[in-house]
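Right, one structure below, let's go through it.
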Amino acid sequence: MSTAGKQSTAAKPADGLAHRSVSTFEVGAQSVANVAPSAVIAFAPASMAASAGNGAWFSFFLAMAAVLAIAYCICVFARRRAGVGSLYAFSRLSLGAPGSFVTGWALLIGAVCIGSGSLAGAGYYTARALDQIGIGLFTGIPGQILLDVVLAAVAIRLTIASVRTAARVASVLEVVSIVLIVVVLLPAFFKSGNIIDTEQLSLSGSTLDGVVFAVVLGVLGFVGFEGAASLGAEASDPYRAIPRSVMGSAVLAGVLYMFATYAQVAGFGGADALARSTDPMDELAELSGLGFLKFFLHAGFAASFVAVVMACITVAARLLFGMAKEGVMPARLGVAHPRHRTPSAAIRAVAPFVALPAVLVVGAGTEPLNATTYIDTIGVFGYMLSYTLVCLAAPLFVRRIGARGLLLTRALGLIGAAAMVYVFYRNLWPAPAWPLNVLPYVFVGALVVGVVGFAVLRVRRPEVAERAGTFADDLD
């Protein structure tokens, strides 16, 4: 066992968390909720079809392959290390304290921003669901802000109350939403009479550039799949449950995305018709004679976004909790709730950073789903950087411990890192329209703030800075 492992193991009984209390299913639910496949299914296929045409489903396949390469690198660590720090603690084993901090800070930015963007989406679809039943009070900006605040309070309350409750609620919300989508997709799919769609299966009319560009969009749909790793301290069997959840959530999401994209193209009678749709699921519900399900669809999308908010708060709070235990963050963030045994102080500290961006951007007059796109985009960059660093760290770790599979880990690490670099590049060039063109620089600014803070800590308290990423268990 490493020195870091010995240090953290000695501290564990006093950290106040509900150790080894979360089942394998609940661990998996954290990753699925973080990905929010139902929200992706609702809108990504149309964007994919706009560039990849009949090859949209294949773009999702390629995206899944890239994500599975990243998942493999994460599992290299997850089979041997578990804790609240997720990728932050993993990268420590190869990249040391500085690399660990950059990984953790990037992941923190990602979790906070994805949570905030999803909050705006939750408020929007809650308002639409209520409007479907004649309650139109929340469709304006004041109503949207009120819903965002209320939903944020609900998410925070649930994540403080119990990690198991939060995981279960998130999984139920996501499963219900996926079921509703499938209920709408299947009739439209079969009604199209194009179950064996030869044009899609042959990628008819698709271009290589179009398919590859759509892979960029596809990869974004998997962000958060590693969320289970944040429950390493609380999982009942972390060294088995977390790797299975990480790989399983990526595969599950990929299969759902490919099916949903294939079915939507068939249901609309072609990729061009799907690409022109502004609200694919509503239109498919009408085409299938299931228009009465719109309320449930919108409620399901709202539920999916709320599940993401809860999952992101879980990840961000546990990152801060671990950093506080190491001394890298203020000690007060390392205080757990005496009864619920959750990192309540860190959850409360994260809450304003999740709620305020959504409230401010929507309050400024931005359409809620545009607010979701803008804020989420900043968060995606954070996740991509943390994934890249873990992919680079995995082969170094395998070589250091003399484990099997070094060549495979090197190959998959290179694929995963290259995929993330390519996605980031395509968000810079060709330059997108404002404000998307400035969002990469907003992320870089937020990243620099953390890096500068850590650099100051290394100068003033080097022994504390060196503990970054050590709050985790190591498997003998």
Side-chain angles (χ1 to χ4, degrees), residues 4 34 70 74 77 81 83-117 223-224 226-227 229-230 232 311-334 343 345-347 349-354 356-357 375-393 417 420-421 424 439-462 464-472:
N34 222 337
I70 299 169
I74 292 172
F77 294 105
R81 167 164 272 212
V84 297
S86 184
L87 310 187
Y88 166 66
F90 294 166
S91 61
R92 162 76 192 198
L93 299 176
S94 296
L95 305 180
S100 177
F101 181 82
V102 173
T103 302
W105 188 254
L107 187 60
L108 183 63
I109 294 170
V112 168
C113 290
I114 295 290
S116 185
V223 165
E226 84 306 326
S230 66
C312 287
I313 290 173
T314 295
V315 171
R318 280 158 179 76
L319 265 171
L320 288 179
F321 182 86
M323 290 178 171
K325 288 298 185 183
E326 297 160 354
V328 176
M329 289 289 177
R332 63 179 179 273
L333 297 178
I347 291 172
V350 165
F353 294 96
V354 171
L356 280 177
I375 303 171
D376 276 5
T377 298
I378 299 171
V380 166
F381 295 142
Y383 274 100
M384 288 195 302
L385 177 56
S386 63
Y387 292 161
T388 301
L389 292 173
V390 167
C391 285
L392 297 175
M420 293 299 97
V421 170
F424 189 79
L439 297 182
Y441 305 102
V442 174
F443 164 69
V444 171
L447 184 68
V448 168
V449 169
V451 171
V452 169
F454 184 73
V456 171
L457 181 66
R458 290 195 78 189
V459 172
R460 293 182 176 178
R461 301 180 65 191
V464 174
E466 190 57 31
R467 292 202 292 267
T470 60
F471 190 69

*List in chain and number order the residues that pass ring pair (Phe, Tyr, Trp, His ring centres under 6.0 Å) with Phe443, two or more places apart in sequence or in another chain; answer none if no residue qualifies.*
none
*Tell me, please, which residues at least two apart from Phe424 pass ring pair (Phe, Tyr, Trp, His ring centres under 6.0 Å).*
Phe381
Of all heavy-atom pairs between [X] and [Y], which one has the smallest distance, and what is that distance?
{"X": "Val451", "Y": "Phe101", "value": "N-CE2, 4.1 Å"}
{"X": "Ser100", "Y": "Gly469", "value": "OG-CA, 3.4 Å"}
{"X": "Pro352", "Y": "Pro357", "value": "O-CD, 4.0 Å"}
{"X": "Gly117", "Y": "Ile375", "value": "N-CG2, 3.7 Å"}
{"X": "Leu333", "Y": "Ala349", "value": "CD2-CB, 3.5 Å"}
{"X": "Trp105", "Y": "Met323", "value": "N-CE, 4.2 Å"}

Please check if the side chain of [X] supplies one atom and the backbone of [Y] the other of a donor-acceptor pair under 3.5 Å.
{"X": "Arg81", "Y": "Ala89", "value": "yes"}
{"X": "Glu326", "Y": "Val464", "value": "no"}
{"X": "Arg458", "Y": "Ala465", "value": "no"}

Separation of [Y] [atom2] from [X] [atom1] (nearest 0.5 Å):
{"X": "Ile378", "Y": "Leu439", "atom1": "CD1", "atom2": "CG", "value": "5.0 Å"}
{"X": "Ile313", "Y": "Ile114", "atom1": "CD1", "atom2": "CD1", "value": "13.5 Å"}
{"X": "Glu226", "Y": "Leu107", "atom1": "CD", "atom2": "CG", "value": "6.0 Å"}
{"X": "Tyr383", "Y": "Met420", "atom1": "OH", "atom2": "CE", "value": "13.0 Å"}
{"X": "Leu385", "Y": "Leu447", "atom1": "CG", "atom2": "CG", "value": "6.0 Å"}
{"X": "Leu392", "Y": "Leu95", "atom1": "CG", "atom2": "CG", "value": "7.5 Å"}

_Contacts of Thr103 that satisfy side chain to side chain donor-acceptor pair (under 3.5 Å) - sequence neighbours left out_ = Ser91
Considering residues at least two apart in sequence or located in another chain, which fulfil the side chain to side chain contact (heavy atoms under 4.5 Å, CB included) criterion with [X]?
{"X": "Ala446", "value": "Ile109"}
{"X": "Ala316", "value": "Leu108, Ala111, Val112, Val350"}
{"X": "Ala97", "value": "Arg92, Phe454, Glu466, Ala468"}
{"X": "Ser94", "value": "Phe77, Ala393, Leu396, Phe397"}

*Begin from the C-alpha positions of Val390 and Tyr88 and carry the test side chain to side chain contact (heavy atoms under 4.5 Å, CB included) through to its verdict.*
CA-CA 9 Å; Val390 167; Tyr88 166 66; over 6 Å; no
*Side chains of Asn34 and Cys312: closer than 4.5 Å at any heavy-atom pair?*
yes
*asked:* If you apply the rule side chain to side chain contact (heavy atoms under 4.5 Å, CB included), what do you find for Leu319 with Val84, and how did you get there?
replied: CA-CA 6 Å; Leu319 265 171; Val84 297; over 6 Å; no
